[in-house]
There are 4 protein chains.
Amino acid sequence: MKAVDKHARIISAATKVFAKKGFFVARISDIAKEAKVADGTIYLYFNNKYDILISVFEEEIGKLVLQAQKALEKETSPQKMLEIFAARHLAAMKKNKNLAEVIQIELRQTNKIIKDYRNKAFLEYIDIVAEIIRSGQRDQVFRDDINPELAKRIFFGALDEISRVWNISLESHYTVDEITNQVLLIFLSGLRNEATQ
Amino acid sequence: MKAVDKHARIISAATKVFAKKGFFVARISDIAKEAKVADGTIYLYFNNKYDILISVFEEEIGKLVLQAQKALEKETSPQKMLEIFAARHLAAMKKNKNLAEVIQIELRQTNKIIKDYRNKAFLEYIDIVAEIIRSGQRDQVFRDDINPELAKRIFFGALDEISRVWNISLESHYTVDEITNQVLLIFLSGLRNEATQ
Amino acid sequence: MKAVDKHARIISAATKVFAKKGFFVARISDIAKEAKVADGTIYLYFNNKYDILISVFEEEIGKLVLQAQKALEKETSPQKMLEIFAARHLAAMKKNKNLAEVIQIELRQTNKIIKDYRNKAFLEYIDIVAEIIRSGQRDQVFRDDINPELAKRIFFGALDEISRVWNISLESHYTVDEITNQVLLIFLSGLRNEATQ
Amino acid sequence: MKAVDKHARIISAATKVFAKKGFFVARISDIAKEAKVADGTIYLYFNNKYDILISVFEEEIGKLVLQAQKALEKETSPQKMLEIFAARHLAAMKKNKNLAEVIQIELRQTNKIIKDYRNKAFLEYIDIVAEIIRSGQRDQVFRDDINPELAKRIFFGALDEISRVWNISLESHYTVDEITNQVLLIFLSGLRNEATQ
DNA sequence: CATGAATGAGGATTCATTCAT
DNA sequence: CATGAATGAATCCTCATTCAT
């Protein structure tokens, strides 16, 4: 087994365990067992428990960024791009609930643990939304009075809360398409530049 | 000092400490010190650490529900009501960042800790949004094809992500009014029933 | 309510609680509740938890001593006296299992807790047995080669183990009479001076 | 150092510490220090403090059973067997006062702590006495009217009380032989079948 | 005398991390 | 590189005892 293999297996195991138990309740030995390595082996690849959390988060978000960029590269319509982003994000969260949970935890906890930790990957991810909105504004299909920096948060927050509820509650019977549709119903008309349409 | 006093002081101290450190990193002795009581005194009012978390959450959300209900009782316009809800929520979170953080933590962690814990107070709170949307649909000022159950999540998620960012990042220089305005720009036109207007 | 009343009620409650839970598992608040007094009230009558234990023991053993002395005062036959002692002890233990347990615990624990604590009352109690044996030796009905100091322990130990088993196990279906009879079968012939009979 | 070694060292340390302080006053850190391991190491071998107590008891009683069985296997005379049992038991208790105390504590406390705990090893041990008595009855050297189940308790109780006194009091100057002799003086003539002798 | 809320010292247990093998 | 036994610091919670009322 190659080292890269073990690193990947630990990341994958940690994603699963963090998602299931939450970062603090998760034990290093849980991750080790899930990854089928010895407890000590984990410390050959990561400095400590927090380091695993950050690595998990950055790797997984990094993948999302790449996937989103690839999916969007041939698309020029801002409305369509927003739709693609939302659909892909929700589909990814529905498919990999572990990841959704890890994002939830990570986003709310890491800053308390590691002072001044900056989620570069995450910022890059939601900046995709800001960029779509800006391009829509340049094309005059989105209203000028929308602040893309705030709108990206509002948009991501909406998607994120939906993902959260999926993982715990009754409302989980909605399909990705239904939800994507609902989100877009609101946001596309909400963002639309009525002056020019 | 009356008992009610001490209970309230512990809740308040816990809100502060949980917000600053996060639930798991927070120590009972931190809360005791903040509340200026002995460690053991906390256990006269709460069963255990989780019980404090739940109590903090429910009490604080309960207050939000009451405030929101009161602020909305004389208002009949659904658009106006949504505006009031958003403005009040964001103002409360900006004012009491501790509370915003406790909501963040609670919503993402308690279900992992205490199986089947149901946030009645929280559901009541966001159902206010669903009810506003439904009344807007009855009045035909909001689109019929919006699902209020999903929309309440989308709306709350947007507000919540905004609140989260306030507590950690650079973007905290926006005012409550600016953000409320942005959220409403999107949502009010997003929800608007164009067929009748 | 008179003070003597409360003292007695605490002793009685403590006997019950110690017997049920054991000294260390018993809580002062358990005793207070059982005695229907406030926790703090107990400290008006006793110095500390150990003091309660010792008081319970000495009072209860004191009663046994008085009862035994009274029952034996008109009896002159050493065999008969031994029989009376055994029958009364077993009957008392069967009737008041709490007391039996308190004796068990006390005898094995107090010396560890309070260095050099001497059970005067207890020694007085088992010395009744030694004295019966000595009188039997003077009357030449008991063998001379028996050491009364050891025999009192052997005799009491036999009775005590029987009492212990009563409180926990299956063998509790024997009656006091059956057991008294068995004990005397062994001890009376065991102690008998065959040279003169 | 092998694992078996550490397990044995902890058992031995616990026996010593429990005997000296009693189960409840004994601290896990006392046992750890005595065994020269870290506190946490104890929990690699035992589930909790009670588990240590039970393990100590069962292991030590198990040894007594084996020793007794071995010492008795070539003996056929019931009187002689009773003598051997008593002599060995008293010698073991005199030699290992810690063990004597652990038996005392265990027998009186564990049932309160762990509901329905059954001392299989202990029952096996005292059943040796019952079996000796039964064989003596078959050989018609012991009286028929003795109930072996009660007699085993009476006999063990006598031995046990003697052991108890050894560990705390003045009477500890008697030798094993003296005491064995006294116990047998009483019990052998007490059990003897006079009809046939 | 009586109360019971408050105290805070103390201890069993957990678990991230290390390191000898 | 890999292991997992061992470590021991760290913390939640209990409960005997106090003392203001």
Side-chain angles (χ1 to χ4, degrees), chain A residues 1-3 5-7 10 24-33 35-52, chain B residues 1-3 5-7 10 24-33 35-52, chain C residues 1-3 5-7 10 24-33 35-52, chain D residues 1-3 5-7 10 24-33 35-52:
Chain A
M1 186 183 301
K2 283 173 294 185
D5 207 15
K6 229 164 236 185
H7 183 96
I10 294 168
F24 288 100
V25 179
R27 304 294 154 224
I28 289 290
S29 58
D30 295 334
I31 298 172
K33 191 177 291 178
K36 290 180 184 160
V37 298
D39 291 20
T41 304
I42 289 179
Y43 289 87
L44 298 175
Y45 296 90
F46 301 91
N47 296 322
N48 54 44
K49 198 180 167 189
Y50 298 141
D51 192 28
I52 304 174
Chain B
M1 185 182 303
K2 282 172 294 184
D5 210 13
K6 231 161 235 184
H7 183 97
I10 294 168
F24 288 100
V25 178
R27 302 294 149 224
I28 289 292
S29 58
D30 296 334
I31 299 172
K33 193 177 291 177
K36 288 179 186 161
V37 297
D39 290 21
T41 303
I42 290 180
Y43 291 89
L44 297 176
Y45 296 91
F46 302 91
N47 296 321
N48 52 46
K49 199 180 167 190
Y50 298 141
D51 192 29
I52 304 174
Chain C
M1 185 182 301
K2 284 172 292 184
D5 207 15
K6 231 164 235 184
H7 183 97
I10 294 168
F24 288 100
V25 178
R27 304 292 154 226
I28 290 290
S29 58
D30 295 333
I31 299 173
K33 191 178 290 177
K36 291 179 183 161
V37 299
D39 291 20
T41 304
I42 289 179
Y43 289 87
L44 299 174
Y45 295 91
F46 301 91
N47 295 323
N48 53 45
K49 198 181 167 188
Y50 298 141
D51 192 28
I52 304 174
Chain D
M1 184 182 303
K2 281 172 295 184
D5 210 13
K6 230 162 236 183
H7 183 96
I10 294 168
F24 288 100
V25 178
R27 301 294 149 225
I28 289 292
S29 58
D30 296 333
I31 298 172
K33 193 176 291 177
K36 287 180 185 158
V37 298
D39 290 20
T41 303
I42 290 180
Y43 290 87
L44 297 176
Y45 296 91
F46 301 91
N47 295 323
N48 52 47
K49 199 181 167 189
Y50 298 142
D51 192 29
I52 304 174

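Chain identifiers are assigned alphabetically (A, B, ...) following the order of the sequence lines, protein sequences preceding nucleic acid strands; residue numbering begins at 1 within each chain.
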### Query
Lys36(B) or Lys36(C): which one's nearest nucleotide on DNA chain E is closer to the 5' end?
Lys36(C)
#### Entry: Lys33(B) NZ to dT7(E) P, straight-line distance once rounded to whole Å
15 Å
### Minimum heavy-atom distance Ile31(B)-Ile52(B), with the two atoms named
CD1-CD1, 4.4 Å
Could you list, one pair per line, each protein nitrogen or oxygen that sits under 3.5 Å from a nitrogen or oxygen of nucleotides 13-17 of chain F, together with the distance?
{"residue": "dC13(F)", "atom": "OP2", "partner": "Tyr43(B)", "partner atom": "OH", "Å": "2.6"}
{"residue": "dC13(F)", "atom": "OP2", "partner": "Lys49(B)", "partner atom": "N", "Å": "3.1"}
{"residue": "dC15(F)", "atom": "OP1", "partner": "Arg27(C)", "partner atom": "NE", "Å": "2.5"}
{"residue": "dC15(F)", "atom": "OP1", "partner": "Arg27(C)", "partner atom": "NH2", "Å": "2.7"}
{"residue": "dC15(F)", "atom": "O5'", "partner": "Arg27(C)", "partner atom": "NE", "Å": "3.1"}
{"residue": "dA16(F)", "atom": "OP1", "partner": "Arg27(C)", "partner atom": "NH1", "Å": "3.1"}
{"residue": "dA16(F)", "atom": "OP1", "partner": "Lys49(C)", "partner atom": "NZ", "Å": "3.4"}
{"residue": "dA16(F)", "atom": "OP2", "partner": "Ile28(C)", "partner atom": "N", "Å": "2.9"}
{"residue": "dT17(F)", "atom": "OP2", "partner": "Tyr43(C)", "partner atom": "OH", "Å": "2.8"}
{"residue": "dT17(F)", "atom": "OP2", "partner": "Lys49(C)", "partner atom": "N", "Å": "3.0"}

### Query
In whole Å, what is the span from the CD1 atom of Ile10(D) to the C1' atom of dA6(F)?
11 Å
### Message
In this structure, how many angstroms lie between the C1' atom of dC1(F) and the CD1 atom of Ile42(A), rounded?
### Response
15 Å
### Task
Any chance you could measure Arg27(C), atom CZ, to Lys49(C), atom NZ, to the nearest 0.5 Å?
5.0 Å
### Task
Convert the base pairs of DNA chain F into dot-bracket notation, remembering that pairs crossing earlier ones are written with [ ] and that bases paired across to another strand are shown as |; include only Watson-Crick or G-U pairs under 3.5 Å.
.||||||||||||||||||||
### Task
Give the ring-plane orientation class for Tyr45(B) versus His7(B), where under 30° counts as parallel, over 60° as perpendicular and anything between as tilted.
perpendicular
#### Entry: Whole angstrom value for the distance that separates C1' of dT18(F) from CZ of Phe46(C)
18 Å
#### Entry: Atom-to-atom span, NZ of Lys6(D) to P of dG4(F) - whole angstrom
16 Å
### Query
Does Asp39(A) have any salt bridge (charged side-chain N to carboxylate O under 4.0 Å, His left out) partners at least two apart in sequence or in another chain, and if so, which?
none
### Message
How many whole angstroms separate atom CG of Asp51(D) from atom P of dT14(E)?
### Response
12 Å
### Task
Report the distance from atom CG of Asp5(B) to atom C1' of dA5(E), rounded to the nearest whole Å.
14 Å
### Message
Between C1' on dT11(F) and CD1 on Ile31(B), what's the gap in Å once rounded to a whole number?
### Response
13 Å
### Query
When rounded to the nearest 0.5 angstrom, what distance separates CD1 in Ile10(A) from CG in Leu44(A)?
8.0 Å
### Query
Taking only residues two or more places apart in sequence, or in another chain, which ones meet Tyr43(C) in a side chain to side chain contact (heavy atoms under 4.5 Å, CB included)?
Ile28(C)
### Query
Reckon Tyr45(D) has a side-chain N or O less than 4.0 Å from the OP1 or OP2 of dA5(F)?
no
### Query
If you take all heavy atoms of Asp51(B) and Asn48(B), which pair is closest and at what distance?
N-OD1, 2.9 Å
### Query
Using atom C1' of each nucleotide, how far apart are dT21(F) and dC1(E) to the nearest Å?
13 Å
